[in-house]
4 protein chains.
Amino acid sequence: MQKTRLEAFSDGVLAIIITIMVLEIKVPHGADFAALRPLLPVALSYVLSFVYVGIYWNNHHHLLGSAKQITGGVLWANLHLLFWLSLTPFATGWMGENHFAPATLAVYGGVLLGSSIAYFMLQNRLIAVNGGPDSPLAHAVGRDWKGKLSPVLYVVGIASSFVLPWLAGAAYVAVALAWLVPDRRMERTLETPHP
Amino acid sequence: MQKTRLEAFSDGVLAIIITIMVLEIKVPHGADFAALRPLLPVALSYVLSFVYVGIYWNNHHHLLGSAKQITGGVLWANLHLLFWLSLTPFATGWMGENHFAPATLAVYGGVLLGSSIAYFMLQNRLIAVNGGPDSPLAHAVGRDWKGKLSPVLYVVGIASSFVLPWLAGAAYVAVALAWLVPDRRMERTLETPHP
Amino acid sequence: MQKTRLEAFSDGVLAIIITIMVLEIKVPHGADFAALRPLLPVALSYVLSFVYVGIYWNNHHHLLGSAKQITGGVLWANLHLLFWLSLTPFATGWMGENHFAPATLAVYGGVLLGSSIAYFMLQNRLIAVNGGPDSPLAHAVGRDWKGKLSPVLYVVGIASSFVLPWLAGAAYVAVALAWLVPDRRMERTLETPHP
Amino acid sequence: MQKTRLEAFSDGVLAIIITIMVLEIKVPHGADFAALRPLLPVALSYVLSFVYVGIYWNNHHHLLGSAKQITGGVLWANLHLLFWLSLTPFATGWMGENHFAPATLAVYGGVLLGSSIAYFMLQNRLIAVNGGPDSPLAHAVGRDWKGKLSPVLYVVGIASSFVLPWLAGAAYVAVALAWLVPDRRMERTLETPHP
């Protein structure tokens with residue numbers, strides 16, 4: 001019961017975040033294709049952020065799906081994650097409108113980093129209240145190498161924003177692609193109920 | 001369980017898309033009826049897009065209603081569909097504010113085309129993981145002539161945008177009307193549970 | 001199942017409509033109480049529209065609560081209602097920003113009228129597919145004098161907009177108050193299951 | 001059934017309120033870190049309001065979780081609460097953009113005060129229709145010292161806005177922190193079903 005409403009609220013917030021980002025792609029005044037060209041960086045950063053929010057929704061969905069117990073601490077860890085994700089439209093718009101300028105790349109990476117740490121904290125909180133390191137949930141999460149590698153790549157991206165901006169962009173795209181590859185292990189674990 | 005949350009998230013995104021489009025109808029400064037006249041093209045394109053998003057919600061509702069199995073691939077095929085639909089408010093606003101100028105008609109058709117291909121991919125993915133071409137879901141979908149004809153008409157619309165703009169508009173309206181006619185076959189199939 | 005998703009989608013759209021209206025109350029540039037004074041008409045029209053959307057959500061909730069059968073026709077009658085309600089933020093903002101000028105009062109009444117007719121159509125569609133005039137749903141709806149009187153008062157409001165603007169405003173407020181009075185009969189009917 | 005939809009609608013409205021607030025953090029024109037500095041007060045007030053809406057969602061969740069009976073009066077008491085909360089993005093934006101000027105602090109406190117009184121009314125309504133002062137719900141709510149102290153601190157904040165602005169800010173932050181501390185008593189009561 002508690003879980004249902006936590007999921008519903010999170011779905012609502014994530015649905016709004018993923019949709020209001022498109023409001024940053026402002027309708028141009030010109031009426032020909034040339035008027036769309038200045039929108040290209042905004043559109044590209046929208047695609048990247050759409051994929052990121054989609055990944056978070058997907059993972060959140062799997063994570064909550066294998067959790068049974070929800071506590072007040074979990075509710076706040078979840079709100080903390082939603083807070084970081086709610087900064088995504090701002091960071092996306094700023095980065096896109098300024099053609100991936102160094103400072104905007106660094107801030108975008110900072111929002112990704114904050115979100116990934118918040119997700120990690122939520123995951124740990126859920127494991128702690130759902131049976132600890134030997135629980136089905138802990139097994140479903142597994143060694144979580146993607147979750148541990150992602151913050152490292154975000155830090156690389158932030159650090160290289162002012163030196164090698166293309167590397168920052170590459171790092172953010174690489175993490176998104178790594179998560180897009182379906183996590184077959186977790187899906188299998190979730191589909192086969194634990195004894 | 002998985003399906004419930006997929007539907008809830010899709011409902012959220014579709015509800016936001018259909019509602020934020022109205023924000024493109026900017027409150028005019030004048031206070032008489034004449035001040036509303038310039039809004040007519042924006043309002044007309046809003047009506048068309050409202051019907052389109054309504055059709056997608058309706059079909060999505062029927063399609064998911066007859067699916068049982070959800071996989072990671074389905075989640076992403078669904079997000080891909082939502083991505084294309086999320087571009088609808090932008091394409092609608094651009095077309096309306098520029099009085100259905102050729103380039104805007106072509107882009108609007110492009111968003112419709114992208115959405116219809118994404119829907120087709122989602123449908124195929126769902127059939128594949130729900131028993132294949134002999135499954136109840138495949139029978140419910142049937143030969144899907146509307147789904148196959150729609151992209152053809154969108155391409156006709158895009159191609160004629162710069163030559164016969166009225167034909168592009170007519171194509172988009174015609175597809176919407178074709179879908180508005182209730183799909184009695186599918187509804188019947190869904191209401192009569194398969195043996 | 002079908003009903004659940006219809007309700008969820010409607011809740012989403014109504015929640016967005018009722019909330020984005022507040023975006024029309026633009027943050028003023030001044031930092032003292034005087035800066036808020038010009039917002040008073042916008043705020044007043046916001047309160048009125050908030051109550052109206054609240055009434056629709058309430059009634060929709062009761063109506064769907066006593067319906068069992070949902071058809072494609074019901075889905076479209078519902079979308080038609082949501083379409084009219086989605087125009088509320090525009091009509092509210094236009095009326096508020098122009099201090100209840102005659103044309104804006106007439107358009108606001110027009111949106112209320114359209115919504116009430118759409119609700120009436122949805123109600124009739126639901127009764128038709130849920131057992132007709134002798135069904136529990138039809139009894140729960142009853143003679144529906146409020147639903148029949150409201151459009152009359154909206155027409156009075158629209159007609160008097162240019163002659164007696166205060167009468168238009170009074171008509172819209174009166175209808176809202178009439179619906180705010182709890183409809184004890186219907187609630188009783190719904191709580192006592194029909195034999 | 002009725003409760004499910006009340007919760008779903010409230011979740012939708014709260015999810016939108018908490019997310020559209022971020023739209024007040026306008027994307028700056030500059031592309032360096034200096035361009036972010038003027039956003040600091042807006043960002044700070046966003047964090048505070050995010051926490052407040054999160055607290056309301058949390059408490060609403062617990063309160064409804066232990067209620068069984070829903071009436072028309074409850075629906076309206078709930079809409080009344082959502083109305084006050086819907087003013088939060090406006091009050092937050094006004095306060096942030098004006099660097100916590102006295103009048104904006106007072107208005108922000110007024111919205112907090114209105115929300116807390118509305119919550120108190122909803123709570124009383126729910127207790128009245130769910131068994132009265134000896135019901136499990138009344139016991140779960142308990143003496144509610146936080147709920148009774150909060151309005152007092154809001155009034156202190158409003159009163160000191162023009163004299164000691166820092167005290168107003170401190171009062172609003174203090175209440176938020178007091179609620180962030182998990183209410184172990186209530187959670188325990190809710191988890192142990194009443195005999």
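Note: hydrogens, waters and symmetry copies are ignored here, and every other heavy atom, side chains too, is used. By convention in this document, chain letters (A, B, ...) are assigned in the order of the sequence lines, proteins followed by strands, and residues within each chain are numbered from 1.
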Tabulate, in ascending numerical order, the residues of residues 26-34 of chain A having at least one heavy atom closer than 4.5 Å to a heavy atom of chain B, or enter 'none'. A:Lys26, A:Val27, A:Pro28, A:His29, A:Gly30, A:Ala31, A:Asp32, A:Phe33
Contacts with chain B made by residues 11-22 of chain A (heavy-atom distance under 4.5 Å), listed by residue number: A:Asp11, A:Leu14, A:Ala15, A:Ile16, A:Ile18, A:Thr19, A:Val22
Would you say that B:Leu6 contacts A:Trp57 through its side chain, given a criterion of any heavy-atom pair below 4.5 Å between the two side chains? yes
From B:Arg5 CZ over to A:His61 NE2, what is the distance, rounded to the nearest 0.5 angstrom? 6.5 Å
Hey, what do you get for CD1 (A:Ile55) to CG (B:Leu75), rounding to the nearest 0.5 Å? 12.5 Å
Under 4.5 Å from any heavy atom of chain A - which part of B:Ala103: both
For B:Phe100, which atoms come within 4.5 Å of any heavy atom of chain A: side chain, backbone, both, or neither? neither
Is it true that atom NZ of B:Lys148 has more than 12 heavy atoms of other residues, nucleotides or ligands lying nearer than 6.0 Å? yes
Counting a contact as any heavy-atom pair under 4.5 Å apart, which residues of residues 43-51 of chain B contact chain A? none
Suppose a student defines contact as a heavy atom less than 4.5 Å from any heavy atom of chain A. Which residues in residues 81-93 of chain B would they list? B:Leu82, B:Phe83, B:Ser86, B:Leu87, B:Phe90, B:Gly93
Part of A:Leu64 within contact of chain B (heavy atom distance under 4.5 Å): side chain
